[in-house]
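Contents: one structure, followed by commentary.
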Amino acid sequence: MKFIEWNRTGMSRDVLCVGRWALKLPKLKTWRAFLIGLLANMQERDLSKRDCWPELYPVVFALPGGWLVVMRRATPLTDAQAEALDPLAVLSPEDDRPSIPAEPKASSFGMLDGRLVVVDYGDNPN
Ligand SMILES: Nc1ncnc2c1ncn2[C@@H]1O[C@H](COP(=O)(O)OP(=O)(O)O)[C@@H](O)[C@H]1O
Ligand SMILES: [Mg+2]
């Protein structure tokens with residue numbers, strides 16, 4: 001992993017990974033993506049505060065209004081890990097909690113200290 005790199009694969013946010021941190025910023029590509037990015041950041045901040053889903057990767061800092069979300073930097077899944085993953089199953093807890101609000105795809109997940117975490121749980125309406 002490079003010390004500093006941009007991840008621009010997101011729908012509505014660009015993610016600047018620096019050292020141990022990931023900074024999530026609304027995309028400036030289109031007005032629409034920018035607005036959705038603000039909302040996604042706001043939603044991630046709100047959901048992260050709930051006790052219901054420890055699977056959601058905590059937001060450690062956020063600016064009001066969705067301008068910025070900061071998380072610890074997670075390691076992306078390896079191809080083998082992504083292959084072995086059943087995202088739908090992971091997002092459906094076996095207890096009676098509601099489903100974890102994230103898209104069931106490998107890029108919604110990351111690893112931290114050997115633990116599988118959900119890094120993308122802001123809404124991505126199209
Ligand atoms: N905390 C994080 N640590 C490392 N990479 C991350 C983190 N959060 C997001 N990413 C990476 O950035 C990509 C884009 O972020 P994402 O949350 O998916 O944005 P969007 O909601 O706009 O799709 C993700 O697919 C993931 O690979
Ligand atoms: Mg995404």
Side-chain angles (χ1 to χ4, degrees):
M1 242 180 359
K2 286 194 213 135
F3 179 75
I4 181 161
E5 66 191 332
W6 277 101
N7 184 327
R8 299 191 194 273
T9 59
M11 291 271 306
S12 65
R13 288 165 295 167
D14 289 330
V15 179
L16 178 63
C17 293
V18 254
R20 298 172 55 206
W21 306 104
L23 280 63
K24 306 181 75 162
L25 299 147
K27 267 189 197 291
L28 291 171
K29 203 168 148 198
T30 62
W31 178 236
R32 185 181 170 77
F34 179 73
L35 291 178
I36 294 172
L38 290 173
L39 291 171
N41 271 353
M42 285 170 65
Q43 197 193 25
E44 249 167 37
R45 178 197 207 198
D46 293 346
L47 288 175
S48 145
K49 283 190 199 146
R50 298 214 203 152
D51 298 328
C52 180
W53 296 293
E55 296 88 349
L56 300 182
Y57 206 35
V59 168
V60 293
F61 175 78
L63 287 178
W67 294 93
L68 172 71
V69 152
V70 181
M71 292 176 173
R72 293 271 311 277
R73 182 182 190 173
T75 314
L77 301 193
T78 62
D79 289 347
Q81 284 169 330
E83 192 88 4
L85 178 76
D86 180 351
L88 265 180
V90 179
L91 296 176
S92 317
E94 276 165 25
D95 45 39
D96 51 12
R97 291 178 303 151
S99 301
I100 300 164
E103 273 183 275
K105 56 181 192 187
S107 64
S108 297
F109 297 85
M111 299 296 293
L112 184 79
D113 303 332
R115 190 166 78 93
L116 184 69
V117 292
V118 183
V119 296
D120 179 10
Y121 49 96
D123 250 351
N124 275 316
N126 289 301

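Whatever order the structure lists ligands and atoms in, that order sets their numbers, starting from 1. Numbers for residues simply follow the sequence, beginning at 1.
Of the listed options R20, R72, M1, R73, R72 places a heavy atom closest to atom 1 (N) of ligand 1.
Taking a 6.0 Å sphere around CH2 of W67, one finds it holds 12 or fewer heavy atoms contributed by other residues, nucleotides or ligands. More than 12 heavy atoms of other residues, nucleotides or ligands shown are found within 6.0 angstrom of CG on D86.
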Practice task
Start with the C-alpha distance between R13 and D120, add both sets of side-chain angles, then the distance that settles salt bridge (Lys or Arg N to Asp or Glu O under 4.0 Å), and finish with yes or no.
Solution key: CA-CA 10 Å; R13 288 165 295 167; D120 179 10; 3.2 Å; yes
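Heavy atoms of T9 found under 4.0 angstrom from ligand 1 belong exclusively to the side chain.
By the 4.5 Å side-chain criterion applied to Ile, Leu, Val, Met, Phe, Trp and Tyr, V90 is assigned to a cluster that also includes L47, W53, L56, Y57, V59, V69, M71, L77, L85, L91, I100, F109, M111, L112, L116, V117, V118, V119, Y121.
Nearest heavy atoms, P98 versus C52: CD-SG, 4.0 Å.
Among the atoms of A74, some N or O lies under 3.5 angstrom from an N or O of ligand 1. Considering backbone and side-chain atoms alike, S12 places an N or O below 3.5 Å from some N or O of ligand 1. Taking distance alone, with nitrogen or oxygen atoms compared against 3.5 Å, R13 approaches ligand 1 more closely than that limit. Some N or O of M11 is nearer than 3.5 Å to an N or O of ligand 1, by distance alone. Residue E44 has no nitrogen or oxygen atom sitting less than 3.5 Å from a nitrogen or oxygen atom of ligand 1, judged on distance alone.
The Mg ion (ligand 2) lies at 2.8 Å or more from every N, O or S atom belonging to E103.
Take the N/O/S atoms of D120: the one nearest the Mg ion (ligand 2) is OD2.
Under a 3.5 Å cut-off, the side chain of N41 and the backbone N or O of K24 do form a donor-acceptor pair.
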